[in-house]
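Hydrogens, waters and symmetry mates are skipped; everything else that's a heavy atom, side chains included, is used. Please read all numbers here as calculations on a predicted model, not as lab measurements.
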Amino acid sequence: MAYFDAASAAPLHPVARQALLASLDEGWADPARLYREGRRARLLLDAAREAAAEAVGCRADELVFTPSGTRAVHSGVAGALAGRRRVGSHLIVSAVEHSSVLHAAEAHEAGGGTVTRVPVDRTGAVDPAAYARTLRGDTALACLQSANHEVGTEQPVAEVAGACREAGVPLLVDAAQSLAWGKVPGDWSLLAASAHKWGGPSGVGLLVVRKGVRFAPQGPGDERESGRAPGFENLPAIVAAAASLRAVRAEAEAEAVRLRELAERIRARVPALVPDVEVVGDPVRRLPGVVTFSCLYVDGETLLHELDRAGFSVSSGSSCTSSTLTPSHVLKAMGVLSEGNVRVSLPPGTPAEDVERFLAVLPGTVAAVREKLGAPAAAEAAPRTGGDLVVDAIGRRCPVPVIELAKVIGDVPVGGTVRVLSDDEAARLDIPAWCEMRGQEYAGEEGAEKGTAYLVRRIS
């Protein structure tokens, strides 16, 4: 089985396993106690903190360990907002942040705060100048990921951090996806990360709060981890997390070169092997091993199941794989095709042979899924209303509305219009994306008795 979902969780690094097993014998005692076992545990905790701080590029007394990366984000956002409540209650996030950041923003709004969500371009990156324009006198905190978890696009953190510093606003960076590959550039103020993203054990996060940043921990107080992460430390996991971070950093430069070559092989060859595919994300400023592409006329959930049966573990941002039946907020913000979405994220050590086997299997797998869905074949007769050709896809989920559109577009003359009736939220994203890919004009949407009517004008 080829595991291609490292952006969700990287396989446990051998160094992490060794450190975890060793510290189970040495680090079980309370590091706050003064007896021998407690002192030994404290030495392990201090050494882990020093190692993690060196990897991050901060002081050891600025870094605390949390029970998860999500908890690090939530504690960081809440503490920074509370520490600067006299300044104001305005929070800035990008539209493609991890759900942990967006959920924290929603909670802030529910509590009476205000939130600005900065849009991104089609590669998934924010414009530093546009981000800077959202800074206000009452801005308490700004948040920006270092790299996107779904499409791999690296964000201009250094430029945004400079604008925030000039405005006197702290910047919190979610560095979960990039920390394995190097320190986050720029004059940021807070940082959060998660050990299972770099090959450490799950259940360990990092929260860094730079000296001088106003910060007020929320919730009941605790004497552990400077009061910023209450509860007994999971010392064996912390030691393993710090040891594995140091280990992956030592390997990062050489492994990044190798994974970039493999990822570029996928980016270049998938569109040549599979028709009607959109490769998304920045082609240059990106994480080493992440490739994301979307396939027209494909049910994402079925595609993932078929790839799993073929021996490949991949992820997807397609609405078809979600219980909410809405497309990924990242793909939606980028305005790219969401149906048939596949994210390949290669863990360190991925053999080139696995990538070649994936490229050999993918075309036939996609073709089989498309054939099952009947996409696209000869058009069936469709009723005409007011000169338009109408496709009624009410009650039918992605990618069926787009498949039906593709079937009938040839039945209207150049300049003619197809009205696609759909109540699937994904259609709002995928129909315009189809038009751009196939050289047709998306003419907007109209209200309908049921769902929404999406208008497509044939121009070629």
Chi angles and distances behind the salt bridge (Lys or Arg N to Asp or Glu O under 4.0 Å) call for Glu50, Arg246: CA-CA 11 Å; Glu50 290 282 354; Arg246 174 178 284 180; over 6 Å; no
Identified side-chain hydrogen bond (donor to acceptor under 3.5 Å, both in side chains) counterpart of Asn341 within the set Ser315, Ser294, Ser328: Ser294
Among Val184, Leu190, Val160, Val208, the one residue meeting side-chain contact (heavy atoms from CB on, under 4.5 Å) with Val173: Val184
Basic-acidic side-chain contact under 4.0 Å: Arg397, Glu339: no
side-chain contact (heavy atoms from CB on, under 4.5 Å) assessment of Thr123 paired with Met334: CA-CA 7 Å; Thr123 71; Met334 293 167 62; 5.6 Å; no
Donor + acceptor pair across side chains of Asp430, Ser338 (<3.5 Å): yes
Short N-O contact, Glu62 and Arg228, less than 4.0 angstrom: no
Exercise: do Asp5 and Ser313 side chains pair donor with acceptor under 3.5 Å: no
Test salt bridge (Lys or Arg N to Asp or Glu O under 4.0 Å) applied to Glu306 and Lys372, step by step: CA-CA 12 Å; Glu306 292 301 317; Lys372 289 179 181 178; 3.8 Å; yes
Exam field: side chain Ser23 to backbone Glu26, donor-acceptor pair closer than 3.5 Å: no
No-hydrogen, no-angle side-chain donor-acceptor test under 3.5 Å, Ser94 and Glu97: yes
Value rounded to 0.5 Å, distance of CG in Leu179 from OG in Ser194: 10.5 Å
Over all atoms of both residues, closest heavy-atom pair of Pro363 and Val274: CA-CG2, 3.9 Å
Backbone of Thr70 reached by a side-chain donor or acceptor of Ser100 within 3.5 Å: no
Note: Glu278-Arg122 ion pair, threshold 4.0 Å (strictly below): yes
Leu207 and Phe215: CA distance, side-chain angles, deciding distance, side-chain contact (heavy atoms from CB on, under 4.5 Å) verdict: CA-CA 12 Å; Leu207 173 62; Phe215 192 89; 4.3 Å; yes
Side-chain (His196) to main-chain (Ser8) donor-acceptor, under 3.5 angstrom: yes
Residues Lys211 and Asp61 bridged, charged N to O under 4.0 Å: yes
Side chains of Thr116 and Arg136, donor plus acceptor under 3.5 Å: no
cation_pi(Arg457, Tyr442) dist<6.0 Å, angle<=45: no
Check: Ser244/His13 side-chain N/O donor and acceptor closer than 3.5 Å: no
Verdict with supporting geometry, Arg265 and Glu356, salt bridge (Lys or Arg N to Asp or Glu O under 4.0 Å): CA-CA 9 Å; Arg265 193 181 304 182; Glu356 287 299 324; 2.8 Å; yes
Parallel, tilted or perpendicular: rings of His149 and His329 (30°, 60°): tilted
Arg84 (side chain) donor-acceptor with Ala140 (main chain) under 3.5 angstrom: yes
Worked check of side-chain contact (heavy atoms from CB on, under 4.5 Å) between Cys164 and Leu135: CA-CA 7 Å; Cys164 289; Leu135 295 166; 4.1 Å; yes
Option among Arg438, Glu436, Met437 that satisfies the side-chain contact (heavy atoms from CB on, under 4.5 Å) test with Trp434: Arg438
Ion pair check, Glu445 and Arg428, cut-off under 4.0 Å: yes
